[in-house]
Amino acid sequence: MPELPEVETVRLGIEPLAGVPIERARVARRDVVRDRAGKRHGAIEPAMLLAHDAIARTRRHGKQLALVGTSGVCVLVHLGMSGQLLVLDRGGRVAGGHAHVSWTLRDGRRLVFRDPRRFGGVWLLPDEDALDARWATLGPDAMRVTGAMLEASLARSRRAVKAGLLDQRALAGVGNIYADEALFDAGIDPHRACETLGGEEWDRLAVGIVGVLGDGLRRGGATLRDYRRPDGSAGQGARGHRVYGRAGLACLRCGQELARSEVAQRSTVRCARCQPALSG
DNA sequence: CGTGGCCCCTGTGGGC
DNA sequence: TGCCCACAGGGGCCAC
């Protein structure tokens with residue numbers, strides 16, 4: 001569930017840990033930790049997990065979050081579907097288990113990566129060049145996308161436009177929720193092939209993407225299912241959803257019943273009147 | 001290469 | 001009341 005606004009909210013929650021020395025790092029489940037090549041089960045060097053280091057700063061691209069150590073070592077975190085990064089006070093405990101990686105700071109606080117479904121994970125990268133190389137395979141960050149960028153990466157594709165938005169190599173940060181929201185905002189049918197969109201539509205879509213992501217961020221991320229902010233509280237984002245999770249309910253713009261369908265094996269909700277299919 | 005489909009995994013909630 | 005199962009979905013991988 002975490003998409004860009006949720007990941008950015010997590011990043012902002014982690015930022016106050018910058019500069020605090022990390023006493024030790026502990027891995028409870030080795031298979032959620034991977035090396036640069038994506039291999040699991042490798043010997044895990046404590047320094048690669050920022051032990052005896054400190055977070056110098058945090059970075060984000062799309063849905064990916066990185067802790068950059070003062071040594072230059074980078075810990076890349078994917079939250080996947082159910083991943084959380086929790087900041088616990090001294091003596092604080094993780095409810096519900098599934099705490100796979102834990103960093104103990106000198107001031108007694110702990111940073112914990114928890115992920116019940118393990119679609120997420122932690123990647124250990126030796127330096128920021130490796131991080132940049134990895135992120136270079138992703139599309140532009142959705143928070144700053146423009147119509148021209150979308151057009152450049154998707155306009156020649158025959159895929160459904162929603163499938164294009166979900167492809168992280170084309171656009172980084174949009175998932176199922178905000179794809180539906182942005183397409184509704186732009187008045188574009190999720191099923192339409194990318195190649196049928198015109199320049200003005202790509203512009204509208206970019207405005208919609210930036211708008212719905214900004215709204216989500218201002219609410220502190222969506223509050224559906226597993227997502228929690230680093231302090232454990234739920235976000236408020238679901239209140240702002242206009243189509244996601246509202247199949248069968250009335251369109252908030254025109255009153256028409258919202259329709260459920262499927263695009264790229266993902267549940268999709270749209271208003272057939274506000275997001276018309278191409279006629280003819 | 002582009003694209004669609006399957007699968008990984010666990011918690012939840014709806015239906016019976 | 002309790003059990004079962006469909007569903008939730010990001011992304012890796014594979015087949016065509």
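Small disclaimer: the values here were computed from a predicted structure and weren't measured. We use all heavy atoms of the structure for the numbers below, so side chains are in, but hydrogens, waters and symmetry mates are not.
- Between A:S82 and the phosphate of C:dA8, there is no side-chain N or O to OP1/OP2 separation shorter than 4.0 Å.
- Within the 3.5 Å criterion, the main-chain N or O of A:G208 finds no donor-acceptor partner in the side chain of A:R204.
- Side-chain nitrogen and oxygen atoms of A:R158 include none within less than 4.0 Å of the OP1 or OP2 phosphate oxygen of B:dG2.
- Between the NE2 atom of A:H100 and the P atom of B:dT10 there is a distance of 9 Å, given to the nearest Å.
- Sequence order on DNA chain B of the closest nucleotides to A:A160 and A:R266 puts A:A160 first from the 5' end.
- Note on A:R260: a side-chain N or O is less than 4.0 Å away from OP1 or OP2 of C:dA8.
- Rounded to whole Å, atom C1' of C:dG12 lies 16 Å from atom CZ of A:R117.
- On a pure distance criterion of 3.5 Å, no polar donor-acceptor pair joins the side chain of A:R159 and the base of B:dG4.
- Checking the phosphate oxygens (OP1, OP2) of B:dC9, no side-chain nitrogen or oxygen of A:H98 falls inside 4.0 Å.
- In this structure, A:D31 places its CG atom 12 Å from C1' of B:dC8, rounding to the nearest Å.
- Aromatic stacking of A:F119 on C:dG11: not satisfied for centres closer than 5.5 Å together with planes under 30 degrees.
- Taking side-chain N and O atoms only, A:Y244 has no distance below 4.0 Å to OP1 or OP2 of C:dA8.
- Spacing between atom CZ of A:R29 and atom P of B:dT10 amounts to 7 Å, rounded to whole angstrom units.
- Geometrically, A:R253 engages A:F184 in a cation-pi contact defined by less than 6.0 Å to the ring centre and at most 45° from the axis.
- A:P116 pairs in a side-chain contact (heavy atoms from CB on, under 4.5 Å) with only one of the listed residues (A:M81, A:H98, A:Q84), which is A:H98.
- Between the side chain of A:S82 and the main chain of A:D115, no donor-acceptor pair closer than 3.5 Å is present.
- Phosphate contact (OP1/OP2 of B:dC8, side-chain N/O of A:R118, threshold under 4.0 Å): absent.
- In this structure, the side chain of A:E181 does not engage the main chain of A:I177 through any donor-acceptor pair within 3.5 Å.
- Of the candidate nucleotides B:dT10, B:dG5, C:dG9, B:dG5 has the atom lying nearest to any side-chain atom of A:Q265.
- Per the geometry, CD belonging to A:E262 stands 11 Å off C1' belonging to C:dG9, to the nearest Å.
- Between A:D115 atom CG and B:dC8 atom P the separation is 17 Å, expressed in whole Å.
- In this structure, A:M81 atom CE and B:dC7 atom C1' are separated by 14 Å, rounded to whole Å.
- The distance from atom CG of A:L165 to atom P of B:dT3 is 14 Å, rounded to the nearest whole Å.
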